[in-house]
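Have a look at the structure below, then the notes.
Note: hydrogens, waters and symmetry copies are ignored here, and every other heavy atom, side chains too, is used.
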Amino acid sequence: FSDISRFDASDEERLRTAVGNKTIALLMMDMLSITQYFSHFSTDQALEAAIKIKAKCTYFVGMSHTVDYEKCNRLVEERFGKKGLVGHLAFDGCVVYDGAT
């Protein structure tokens with residue numbers, strides 16, 4: 001998901017219908033900054049939406065220079081780990097292969 005600023009119950013239902021209620025193997029989710037922006041998820045919004053989606057593995061993309069990469073990546077891994085999910089911040093040059101975790 002890119003350039004997204006909300007993910008509500010109707011969006012979740014459309015996604016579940018599109019994938020036939022299967023678990024999504026890999027999700028790429030927009031996460032611009034810590035603060036809310038009109039056309040992009042904040043850190044908390046992106047994490048909340050991705051946790052609802054429950055993909056096997058989520059990579060967050062599109063972060064601005066204001067995001068502390070190390071600190072935010074630890075936050076992602078901690079929050080996702082508590083839910084039994086895998087999540088990471090992507091980075092310039094990041095390559096994702098099938099079955100990436």
Show which side-chain atoms of residues 77-87 pair as donor or acceptor with protein atoms under 3.5 Å away, not counting sequence neighbours.
from, atom 1, to, atom 2, distance (Å)
Glu77, OE2, His88, ND1, 3.3
Arg79, NH1, Asp44, OD1, 3.3
Arg79, NH2, Asp44, OD1, 3.2

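Using a 4.5 Å cut-off on side-chain heavy atoms (C-beta onward), Cys94 and Val96 make contact. Using a 4.5 Å heavy-atom cutoff, the side chains of Thr43 and Met63 are not in contact. Using a 4.5 Å heavy-atom threshold, the side chains of Ile24 and Leu15 count as touching. Within the 4.5 Å cutoff, the side chain of Leu27 has no heavy atoms near those of the Tyr59 side chain.
Looking only at atom types and distance, the side chain of Ser10 has no donor-acceptor partner in the side chain of Glu13 under 3.5 Å away.
Taking Arg14 as the reference, Asp11 meet the side chain to side chain donor-acceptor pair (under 3.5 Å) condition, with sequence neighbours excluded. Legend: residues meeting side chain to side chain donor-acceptor pair (under 3.5 Å) with Thr35, ordered by chain and number and at least two apart, are Ser33. For Ser64, the side chain to side chain donor-acceptor pair (under 3.5 Å) test picks out Thr66, with sequence neighbours left out.
Annotation for Ser5 and Gln45: closest pair O-NE2, 4.0 Å, computed over non-hydrogen atoms. Here the closest non-hydrogen pair linking Ala46 and Phe60 is O-CE2, 3.7 Å.
Distance CG/Asn73 to CZ/Phe91: 9.5 Å, rounded to 0.5 Å. Between the CD1 atom in Ile34 and the CE atom in Met31 there is a gap of 9.5 Å [rounded to 0.5 Å].
The stretch residues 5-36 participates, sequence neighbours left out, in these ring-ring contact (aromatic ring centres under 6.0 Å, His included) pairs: Phe1-Phe7. Applying the salt bridge (Lys or Arg N to Asp or Glu O under 4.0 Å) test to every pair with at least one member in residues 16-34, sequence neighbours left out, gives no pairs at all.
Between the Tyr69 side chain and the Leu89 main chain, a donor and an acceptor come within less than 3.5 Å of each other.
In the hydrophobic clustering of ILVMFWY residues, with side-chain heavy atoms under 4.5 Å counting as a link, Ile51 and Met29 come out together.
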